[in-house]
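One structure below.
Note: hydrogens, waters and symmetry copies are ignored here, and every other heavy atom, side chains too, is used. Position 1 is the first residue of the sequence; numbering continues from there.
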Amino acid sequence: MEKIDELLEFWNDGSNKDIFNRDKEDFEISKNFASGNGFSSVSSNLWPEQRARVYADFINSNVSQIVSMFELAPPEINNFEIDRKIMSDALREILNDGKSFMLVYNQGNTLKVKRLSNLQTYISEDFKKALHLSKITKKKAEAKGVKFGGTDQILIDSFKNTLKLGSNEAYLLTYYEKTEGGVEISEFIGNEQAGETVKLNLRHLPIVAFFGDPQFVDNKPNFRGLYYKARGILITISFVLSFIQEKIACAPNVQFLVPEETLGDNAQQWTSMNGEPQAMLTYKSRDTLDGNAVVYPPPQRVDQSLQIQEALQLLDKLIEILQIIMGGDMAGEARSHETAESVLLRREKKDASGNAYIRSMLSGLDVLAKVLTDYYAVLGENRHCEVVDRYFAKMKQSRDFQTLLNLMQIAKDSPAFAAALAEKTDLDDATKQQAQAAVNVQGLLSNVQAIQEQANQSAIQMQAMQKQIDQLTAANISLENSKQEQVYAAQVRAQTDIQRTLIQNETELIKLQMADGKNNIDVAMRFEELRQNSIDQLIKLNRDLVKYN
């Protein structure tokens, strides 16, 4: 079978033509949306041409934000310098449309990568065959042995309206096919094959696909971008905005309804009321020539309110629905109003919409790196190309840093809660151990301050109690004369001294451990128990003293 027959059979016998035509239709719509022409797909029966058409793009800002984040730390390919703009443009295209394509080709012994239009490129579902449409000049076509004919000749009509030709130009259709021996590349101008089929020892097609969000389109698995899922609500928002514009533009600027009879000689005064400021406007209240003196109705002010409150409320609701459809914070960034606790309990949204597209981008780059490695081998060079992920590495560093800050903030008030949260985070084991150690240190520091304050308060209480004991001893002769009461007084003094000494000794112990770099949280918890027991004993002693006072 001739190569041209294989190509036509591939295109016409399967669903490839239908998938490409649907892709092309959706991609043209999303490209119009992204370029500010959201009404391109709206029928005039649904929204007449003569009506206002206001389109507001609520998606492009999110797309630009994701691309900007990607550009802060874009991935790299070892042993090959890829243009960062090509990667950024491909990411923007899969965010907008859902598909983007890159081609690896050689100029002599130099490998290069360029983007291909997704309106002029198609790859089969099994990634074994691909088509790409470009144009060729008359001179180059004749150099390939093809007689130059009409400029509108094309092998497959589906591609014809995706590319406009200039004078002395023709369509060039390139067919890529994966075989057991590698990849075969054939070119067609009109119905003729241009030159011989080229064979390259590659594991993958040199055209690499980058995909967006998986979707079912026409009951077939496919891929689409952000505009596909949001275009319905975007059109509805545009209708509301257009309605509001019409209300504003068409609102009457007449301020009064005035019966003609009441104007009299004051017509000029009323017609010029929007000019220089006037203190008053006069009108004729009755017909003075009529003996019956008929009273004329006074001028009535016209209601100039726009009556768009319901439209504004609907607009707010539609924007809220759009945010739900788009999944909230697409780039996975923390919300500015969140507390440290809510951030950690919510966990990081590692699979947020924006990051999912970037992961898909990295998957495509992995295939691209394999194609480069094989292509270098074809050229006789031993170069191993591999993708280096800089984006998610930087994202993880930022996320880990924010997690540690949040944990330390929580540890100031609740060290135990912070330690429990640290265990539940997605930090690596080494960082998790460091985080828990830092939380323990923060807890000890907080406890030492509390211990010092409690020790100072206890010392004051001790002095006050000792003073009460001394006063009670001096004033109460019967207490001193009673052996039992003397024993109790001595016991009170002893227990008071013991409690004071325990608090002071334990405080000094913790200070020494902190100085030695120890951060055992059990020490702080043990002292907390001791401190509470001491307080209970002091309260009991104080009650007993009051009984004897």
Side-chain angles (χ1 to χ4, degrees), residues 26-41 54-76 82-102 114-119 209-213 215 223-238 241 315 318-337 348-365 389-399 402:
D26 287 345
F27 294 166
E28 287 175 346
I29 292 174
S30 61
K31 290 180 187 298
N32 276 303
F33 269 93
S35 60
N37 186 18
F39 279 86
S40 61
S41 60
V54 179
Y55 169 68
D57 189 350
F58 290 86
I59 305 298
N60 185 60
S61 59
N62 290 325
V63 171
S64 298
Q65 181 185 18
I66 296 172
V67 174
S68 298
M69 291 176 61
F70 176 79
E71 290 176 343
L72 291 176
E76 297 176 347
I82 186 170
D83 189 349
R84 293 185 176 185
K85 186 177 186 305
I86 290 178
M87 292 191 293
S88 297
D89 291 345
L91 176 60
R92 184 178 293 275
E93 193 165 48
I94 64 174
L95 284 164
N96 289 342
D97 304 339
K99 290 184 181 180
S100 186
F101 302 96
M102 292 187 192
K114 67 178 180 181
R115 283 184 56 245
L116 302 178
S117 170
N118 56 13
L119 297 177
F210 298 82
F211 297 122
D213 189 26
Q215 299 282 345
F223 298 89
R224 290 293 183 265
L226 299 176
Y227 286 100
Y228 180 77
K229 65 171 65 174
R231 62 185 184 182
I233 197 72
L234 284 176
I235 286 295
T236 308
I237 290 174
S238 299
L241 291 173
L315 179 62
L318 290 172
I319 293 176
E320 180 181 340
I321 295 174
L322 176 63
Q323 292 172 345
I324 295 173
I325 293 175
M326 301 312 297
D329 300 328
M330 293 174 45
E333 292 187 326
R335 305 178 182 94
S336 60
H337 61 274
E348 291 298 336
K349 295 190 297 182
K350 297 180 292 184
D351 292 322
S353 300
N355 288 346
Y357 281 89
I358 294 176
R359 282 190 173 85
S360 176
M361 182 78 186
L362 290 174
S363 298
L365 289 175
D389 172 24
R390 296 175 62 244
Y391 173 79
F392 282 103
K394 184 177 179 64
M395 287 284 289
K396 188 178 186 311
Q397 289 177 354
S398 300
R399 188 171 64 245
Q402 187 62 45

Atom pair OG (Ser360) and CG (Leu95), whose distance is rounded to the nearest 0.5 Å:
9.5 Å
Atom pair CG (Leu365) and CD1 (Ile82), whose distance is rounded to the nearest 0.5 Å
6.0 Å
Do Ile94 and Phe223 make a side-chain contact, defined as non-hydrogen atoms from C-beta onward lying under 4.5 Å apart?
no
side-chain contact (heavy atoms from CB on, under 4.5 Å) for Asn118 and Ser100? Distances and angles first, verdict last.
CA-CA 6 Å; Asn118 56 13; Ser100 186; 5.7 Å; no
Note, Ser238 side chain near Phe39 side chain (heavy atom, < 4.5 Å)
yes
Looking only at heavy atoms, what is the nearest atom pair of Lys114 and Ile86, with distance?
CA-CD1, 4.3 Å
d(Ser117 OG, Leu119 CG) to nearest 0.5 Å is 4.0 Å
Please find the pair of heavy atoms, one from Pro74 and one from Met87, that lie closest to each other, and give the distance.
CB-CE, 4.1 Å
Out of the candidates Asn32, Asn96, Asp97, only one should pair with Phe27 under the side chain to side chain contact (heavy atoms under 4.5 Å, CB included) rule; please name it.
Asp97
Let me confirm one number: the CD-CG distance from Gln323 to Asn62, rounded to the nearest 0.5 Å.
9.0 Å
Considering all heavy atoms, the nearest Leu234-Ala56 contact
CD2-O, 4.1 Å
To the closest 0.5 Å, what do you measure between CD (Glu28) and OG (Ser40)?
9.0 Å
Begin from the C-alpha positions of Asp26 and Arg231 and carry the test salt bridge (charged side-chain N to carboxylate O under 4.0 Å, His left out) through to its verdict.
CA-CA 10 Å; Asp26 287 345; Arg231 62 185 184 182; 3.5 Å; yes
For the pair Glu93 and Lys31, find out whether any cationic side-chain nitrogen is under 4.0 Å from an anionic carboxylate oxygen.
yes
Are the side chains of Tyr357 and Val67 in contact, using a 4.5 Å heavy-atom criterion?
no
For residues Phe58 and Ile237, report the shortest heavy-atom separation together with the two atoms involved.
CE1-CG2, 3.6 Å
Within 45 degrees of the ring normal and closer than 6.0 Å to the centroid, is that where the cationic atom of Arg115 sits relative to Phe101?
no
Side-chain heavy atoms of Thr236 within contact of Ile321, under 4.5 Å:
no
Between Met102 and Phe210, does a side-chain contact (heavy atoms from CB on, under 4.5 Å) hold up when you go through it step by step?
CA-CA 8 Å; Met102 292 187 192; Phe210 298 82; 3.6 Å; yes
Which one of Lys99, Arg224, Lys229 satisfies the salt bridge (charged side-chain N to carboxylate O under 4.0 Å, His left out) criterion with Asp213?
Lys229
Within this structure, what is the CD1-CG distance for the pair Ile325 and Leu226, rounded to the nearest 0.5 Å?
12.0 Å
Spell out, as yes or no, whether a donor-acceptor pair under 3.5 Å connects the side chain of Tyr55 to the backbone of Phe33.
yes
side-chain contact (heavy atoms from CB on, under 4.5 Å) between Glu71 and Leu91, intermediate numbers included
CA-CA 10 Å; Glu71 290 176 343; Leu91 176 60; over 6 Å; no
Please tell me if the side chains of Phe392 and Asn355 come closer than 4.5 Å, counting only heavy atoms from C-beta onward.
yes
When the ring planes of Tyr391 and Phe70 are compared, do they come out parallel, tilted or perpendicular, using 30° and 60° as the limits?
tilted
